[in-house]
Number of protein chains: 2
Amino acid sequence: MFRIGEFARFTRVSVKMLRHYDEVGLCQPAQVDPATGYRYYTVDQLPRLNRIVLLRDLGFGLDQIADLLIRDDADLDRVYAQREAALVDSVARLQAQLRAVQARREMLRDTAPDDLPDVVVRPVDSMLVATLTGGADDDVAALFYRLESYVRDQHARAGRPPLTLLPEPDDETVTAIVPITWLVPPADDIEIKLLAAVPRMACAVYQGGYAGLPGLLQRMLHWLDRTGERPAGPIREVYLRFGAEAELGLPSTFLTGGRDDLVTELQVPLADR
Amino acid sequence: MFRIGEFARFTRVSVKMLRHYDEVGLCQPAQVDPATGYRYYTVDQLPRLNRIVLLRDLGFGLDQIADLLIRDDADLDRVYAQREAALVDSVARLQAQLRAVQARREMLRDTAPDDLPDVVVRPVDSMLVATLTGGADDDVAALFYRLESYVRDQHARAGRPPLTLLPEPDDETVTAIVPITWLVPPADDIEIKLLAAVPRMACAVYQGGYAGLPGLLQRMLHWLDRTGERPAGPIREVYLRFGAEAELGLPSTFLTGGRDDLVTELQVPLADR
DNA sequence: GCTGAGGTCTCCCACGGCGGGAGAGTCAAT
DNA sequence: ATTGACTCTCCCGCCGTGGGAGACCTCAGC
C-alpha cells in the first residue's frame with residue numbers, strides 16, 4: 001500500500017497525473033479511504049500504469065488509451081496503424097516547416113531582411129473569368145480597359161481583383177483576366193473561362209511600384225529553389241490595389257514610381273510532391 | 001475596404017482567426033466602425049497579414065510572431081535558429097515515437113497481444129544500497145535473507161523494493177541488493193554502494209511466477225533489437241512484490257507457480273544515442 | 001497531549017490557437 | 001418592412017498537465 005506521493009516517485013508519474021488518471025478512470029487506486037479521501041495504490045496497479053505510460057509515450061491520447069486497455073481484439077492493429085499514419089503525417093509536416101525555416105535562414109544570410117519575400121503556400125479557388133490575350137509588348141493597361149469595359153457592360157463584374165498570367169518561356173503572350181459573377185457571351189477575342197483551382201499556390205504580397213515586381217519574382221524563384229519546390233503552370237500577377245491610371249488606360253510608365261499605394265500579389269502554382 | 005468575411009475568404013484566414021489576431025494586436029483592421037463595431041480591412045493589411053501567416057506556417061507562436069514583426073535587427077537570426085533547433089528536437093521526438101509504434105506493430109504480428117512486453121523508457125535515480133554477491137548457482141533467497149537481516153539489524157531498511165543484478169555473459173555471479181536509508185558499516189561480504197542513476201532505463205513490469213521472467217527478458221531484448229537500442233550495463237530484476245517465502249528463506253522452487261501476487265520489474269539500462 | 005513538518009485532499013485557473021454556438025445587432029436587396 | 005446573409009461580443013471546449021489556495025491528515029518528537 002503506497003500513498004500517492006510514494007507511488008508517484010516510484011513510477012515517475014506525477015501526483016497530478018495520477019489524480020487525473022483516477023478522475024478519468026484510467027488508473028484508479030486499489031483503495032480510497034472513505035473518511036479522508038486518501039488514495040492508496042498497490043503494486044497490482046503497476047502493470048496497468050506501465051501500459052498507460054507506454055501508450056502515452058507512443059503519443060496516444062488518454063481516451064484512446066482507455067480504449068486500448070479494454071480491447072485486446074484483432075482491430076488493435078488498426079489503431080496502431082492509424083497512430084502510425086498520424087505520426088508519419090506529423091513528421092512530414094514538421095520536416096516541411098524545418099525546411100522552410102532553414103531556407104529562410106539561408107536567404108537571410110545574403111539578403112537584406114526587407115527584401116526577403118514572404119512566401120506563403122495556400123490553396124486558391126477556381127473562378128469564372130473573362131480573359132483577353134495580347135502580345136507581350138501590348139499595353140496591358142489597354143487590354144484591361146477593353147476587358148473591364150466589356151464586363152461592366154454585361155453587369156457581370158465580380159468583386160475580386162483583376163490579374164494577368166505572365167508570359168511563359170515558350171510563349172510571348174500576356175493574358176489579362178477579370179473575374180465575373182456568371183457566364184456572359186464571349187466577344188471578339190475576349191474569352192470566358194473557368195480558371196482552374198490550384199491546391200498549392202506560392203503567394204507573396206508586394207507593396208510598391210510595379211518596377212519592384214521582377215525583383216520579387218526573382219527572389220520567389222530563388223525561394224522555390226531553396227525549398228525544393230517546382231513551379232507548375234503560369235505565374236499570376238494579382239492587382240490587389242492598382243492605380244486609377246490603370247483603369248483609365250493611361251500609359252504604364254505612370255506606374256513605375258515608388259508608390260506605396262499599389263499592392264500586388266505574385267502567385268506561382270506549385271507541383272504536388 | 002473589405003468586411004471581415006470577404007477578407008477572410010480572400011486570405012484564407014478564418015474570421016475567427018482575424019478577430020483573434022485583432023484582439024492580440026497582431027493584425028488590427030484599418031478601421032472599426034465605432035457605432036457597430038464592424039471591422040473594415042484594406043489591402044494595406046495584406047503584407048502584414050501575409051507575414052503573419054508565413055511565420056505561423058513556420059510554427060512560431062503568436063507571441064513570437066508579434067516579436068518578429070517589430071524587430072528587424074540582427075538577432076533575428078537567433079530567433080530563427082532557436083525555432084530551427086526546436087523543430088529538429090520535435091522531429092527527433094516524433095521519429096522516436098514512430099519507431100516505437102512500428103516496433104510494437106511488428107512484434108504484434110508474431111506475438112500474442114498478452115505476451116507483448118510493455119517497455120517504458122524512464123530515468124532511474126541513484127540509490128544507496130547494501131549488496132551481497134553470490135555465484136550464479138547460489139540460492140538467491142538465502143542471499144536476501146542474510147542481507148535483509150543485516151540491514152534490519154542496522155535499522156537502515158529503506159522503503160524501496162529489493163533487486164538483483166543479473167549475471168552478465170562474462171560473469172557468473174548474481175548480486176542481491178537492498179536499498180538502505182543511510183550509510184552503515186560493511187560486514188563480511190556485504191558491501192555498501194551508491195547504485196548509479198541510469199538516465200534511460202527500459203522497464204517492463206511482470207505479474208506472475210518467476211518462471212515467466214526469462215521469457216519476458218527475451219522479449220525485451222527482442223524489443224531492443226527492433227527499436228535499435230543497445231543495452232549498457234547490468235540488467236536489474238526488481239522485486240516489487242515477492243512471496244513471504246523469499247523472506248523466510250524457503251527454497252525458490254516454491255516461487256515458480258503461476259502466481260499473480262508476484263510483481264517483478266525487469267530493467268535494462270540503455271546506451272545514449 | 002501538543003506542535004510542527006510535510007503529505008494529501010478538492011477546487012479553480014492557466015496554457016495555445018483556435019472552433020462552435022448563443023443571442024443580439026447590421027447591411028443590402030426585394 | 002421584411003428577409004437572409006453578415007457581423008458583433010461573450011462564453012465554453014479542447015488536451016494533458018502544472019500551479020496554487022485553503023483545508024485536512026499523518027506521524028514523529030517533545
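So you know, we letter chains A, B, ... as the sequences are listed, proteins then strands, and number each from 1.
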In this structure, how many angstroms lie between the [atom2] atom of [N] and the [atom1] atom of [X], rounded?
X: A/Q64; N: D/dC14; atom1: CD; atom2: P; value: 16 Å
X: B/I4; N: D/dT9; atom1: CD1; atom2: P; value: 9 Å
X: A/H20; N: D/dG18; atom1: NE2; atom2: P; value: 10 Å
X: B/E23; N: C/dG17; atom1: CD; atom2: P; value: 13 Å
X: B/Y21; N: C/dG16; atom1: OH; atom2: P; value: 14 Å
X: B/F2; N: D/dT7; atom1: CZ; atom2: P; value: 13 Å
X: A/R19; N: D/dG18; atom1: CZ; atom2: P; value: 12 Å
X: B/D22; N: D/dC10; atom1: CG; atom2: P; value: 13 Å

Is any side-chain nitrogen or oxygen of [X] closer than 4.0 Å to OP1 or OP2 of [N]?
X: A/S14; N: D/dT17; answer: no
X: A/R39; N: C/dT8; answer: no
X: A/R9; N: C/dG7; answer: no

Is there a side-chain contact between [X] and [Y], using heavy atoms and a 4.5 Å cut-off?
X: A/I180; Y: A/I192; result: yes
X: B/V79; Y: B/F60; result: yes
X: B/M107; Y: B/P117; result: yes
X: A/L195; Y: A/S126; result: no
X: A/L266; Y: A/R236; result: no

Between [X] and [Y], is there a donor-acceptor pair closer than 3.5 Å when you use the side chain of the first and the backbone of the second?
X: B/R48; Y: B/L26; result: yes
X: B/T181; Y: B/A156; result: yes
X: A/Q45; Y: A/A30; result: yes

- Just checking, is any N or O donor in the side chain of B/Q207 or A/D44 under 3.5 Å from an acceptor N or O on the other one? yes

When the side chains of residues 7-14 of chain B are checked against the rest of the protein, which donor-acceptor pairs come out under 3.5 Å, sequence neighbours left out?
| residue | atom | partner | partner atom | Å |
| --- | --- | --- | --- | --- |
| B/T11 | OG1 | B/F7 | O | 2.8 |
| B/T11 | OG1 | B/V13 | N | 3.3 |
| B/R12 | NH1 | A/D125 | OD1 | 3.1 |
| B/R12 | NH1 | A/D125 | OD2 | 3.2 |
| B/S14 | OG | B/M17 | N | 3.1 |

- Inter- and intrachain pairs under salt bridge (charged side-chain N to carboxylate O under 4.0 Å, His left out), touching residues 81-106 of chain A, at least two apart: A/E84-B/R105, A/D89-A/R93, A/R104-A/D118, A/R105-B/D77, A/R105-B/E84, A/E106-A/R226

- Taking all non-hydrogen atoms of both residues into account, name the closest pair between A/L183 and A/L128 and its distance. N-CD2, 3.7 Å

- Message: Counting primed atoms plus P, OP1 and OP2 as sugar-phosphate and everything else as base, spell out the protein contacts along nucleotides 24-30 of chain C at 4.0 Å heavy-atom distance: B, S or - for each nucleotide, 5' to 3'.
- Response: -BBS---

- Message: Which nucleotide wins on minimum distance to the side chain of B/L62, given the candidates D/dT17, D/dC8, C/dG17?
- Response: C/dG17

- Query: Between the two ends of the helix from C/dG1-D/dC30 to C/dT30-D/dA1, what is the bend in degrees, rounded to 10 degrees, where each end axis spans five pairs?
  - Reply: 30°

- Item | Ring geometry between A/Y40 and A/Y38 (parallel below 30°, tilted from 30 to 60°, perpendicular above 60°) | tilted

Pairs under 3.5 Å (N/O, protein and nucleotides 11-13 of chain D):
none

- Test B/V268 against B/M220 for side-chain contact (heavy atoms from CB on, under 4.5 Å), laying out the working first. CA-CA 9 Å; B/V268 182; B/M220 279 187 77; 3.8 Å; yes

- Query: Which of residues 47-57 of chain A have a heavy atom under 4.0 Å from DNA chain D?
  - Reply: A/R56

